[in-house]
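Just below is one structure, and these are the notes that go with it.
Keep in mind that this is a model prediction, so the values were computed, not measured.
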Amino acid sequence: MKLIIFVTGLILLAGSASAQNRLDGKVKAMLVQPGTFGGCAATFTVDPKSINSICDPNWLSADCDGNFRSKSESALQWNAIQLAAVTDRDISVFFSTSGRLNGKCRVVRVDILPDAAP
């Protein structure tokens, strides 16, 4: 019984550790096209494929079509990506390889980073 609990714990731990990846950089470009790449996607100064080879190169989907979460949740993350782009701020984007959209990995968290101290 203890072995089963131990193995189950390892599987859950491995799944959560591999589910999210972190990209730090700036937004280079954005696209909006319903039905493609989850409806909206962005590319960054760091290629997500360089962080996780499962992802297609260049773009991450923000899932604006609401395939894997509500459209309102997706809109909040998309708004944060847009804000980082127009203010030229550094951004941390956490993304998942599960539930890819047209091969693009999916954004699960967006942090707009503070300006560096002078």
Side-chain angles (χ1 to χ4, degrees):
M1 180 67 172
K2 288 181 183 179
L3 179 60
I4 292 172
I5 292 172
F6 176 73
V7 170
T8 303
L10 284 178
I11 291 170
L12 292 173
L13 181 61
S16 64
S18 65
Q20 290 190 10
N21 304 272
R22 180 177 170 174
L23 176 150
D24 294 317
K26 291 189 183 281
V27 179
K28 285 177 33 179
M30 299 174 291
L31 71 81
V32 175
Q33 183 176 358
T36 303
F37 307 135
C40 60
T43 185
F44 304 89
T45 53
V46 176
D47 188 346
K49 190 167 184 71
S50 69
I51 296 166
N52 192 317
S53 62
I54 293 173
C55 298
D56 279 358
N58 303 320
W59 297 90
L60 288 176
S61 172
D63 190 23
C64 291
D65 287 341
N67 295 294
F68 293 95
R69 61 178 172 241
S70 73
K71 289 183 179 183
S72 62
E73 290 173 318
S74 297
L76 289 172
Q77 291 184 341
W78 185 243
N79 290 343
I81 291 169
Q82 291 176 317
L83 180 61
V86 299
T87 58
D88 196 36
R89 297 286 292 271
D90 287 326
I91 189 170
S92 287
V93 179
F94 295 82
F95 61 94
S96 176
T97 59
S98 65
R100 289 180 288 146
L101 296 154
N102 300 101
K104 306 303 180 198
C105 289
R106 187 171 47 89
V107 173
V108 294
R109 176 179 161 179
V110 177
D111 297 346
I112 300 173
L113 303 176
D115 286 334

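In summary, of the residues considered (Leu60, Asp63, Leu23), a side-chain contact (heavy atoms from CB on, under 4.5 Å) with Val107 occurs for Leu60 alone.
Counting heavy atoms from C-beta on, the side chains of Ile51 and Arg22 never come closer than 4.5 Å. Within the 4.5 Å cutoff, the side chain of Trp59 has no heavy atoms near those of the Asn102 side chain. Between Phe44 and Lys28 the shortest side-chain heavy-atom distance does not fall below 4.5 Å.
With hydrophobic clusters built from ILVMFWY side chains whose heavy atoms lie under 4.5 angstrom apart, Leu31 does not share a cluster with Leu83. Residue Trp78 is grouped with residue Val93 when hydrophobic side chains (ILVMFWY) are merged at heavy-atom distances under 4.5 angstrom, including chains of intermediate members.
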Could you go through the side chain to side chain contact (heavy atoms under 4.5 Å, CB included) check for Lys26 and Asp90 one step at a time? CA-CA 5 Å; Lys26 291 189 183 281; Asp90 287 326; 3.4 Å; yes

Working note: Lys71 + Asp65, criterion salt bridge (charged side-chain N to carboxylate O under 4.0 Å, His left out); need CA distance, chi angles, decisive distance, verdict. CA-CA 6 Å; Lys71 289 183 179 183; Asp65 287 341; 5.8 Å; no

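With sequence neighbours left out, Ser70 forms a side chain to side chain donor-acceptor pair (under 3.5 Å) with Ser72, Glu73. In this structure, the side chain to side chain contact (heavy atoms under 4.5 Å, CB included) partners of Asn79, at least two apart in sequence or on a different chain, are Gln82. Judged as a salt bridge (charged side-chain N to carboxylate O under 4.0 Å, His left out), and not counting sequence neighbours, the contacts of Arg89 are Asp115. Asp47 meets the salt bridge (charged side-chain N to carboxylate O under 4.0 Å, His left out) test with no other residue; sequence neighbours excluded.
Residue pairs meeting the disulfide (SG to SG under 2.5 Å) criterion with at least one member in residues 62-99, sequence neighbours excluded, are Cys40-Cys64.
Chaining together hydrophobic side chains whose heavy atoms lie under 4.5 Å apart places Phe68 alongside Leu101.
Contact detail for Val108 and Ser96: the closest heavy-atom pair is CG1-CB, 3.8 Å.
Formation of a donor-acceptor pair under 3.5 Å by the Ser61 side chain with backbone atoms of Lys104 is not found in this model. Not a single donor-acceptor pair under 3.5 Å links the side chain of Thr45 to the backbone N or O of Gly25. In this structure a side-chain-to-backbone donor-acceptor pair under 3.5 Å is missing from Arg106 to Gly38.
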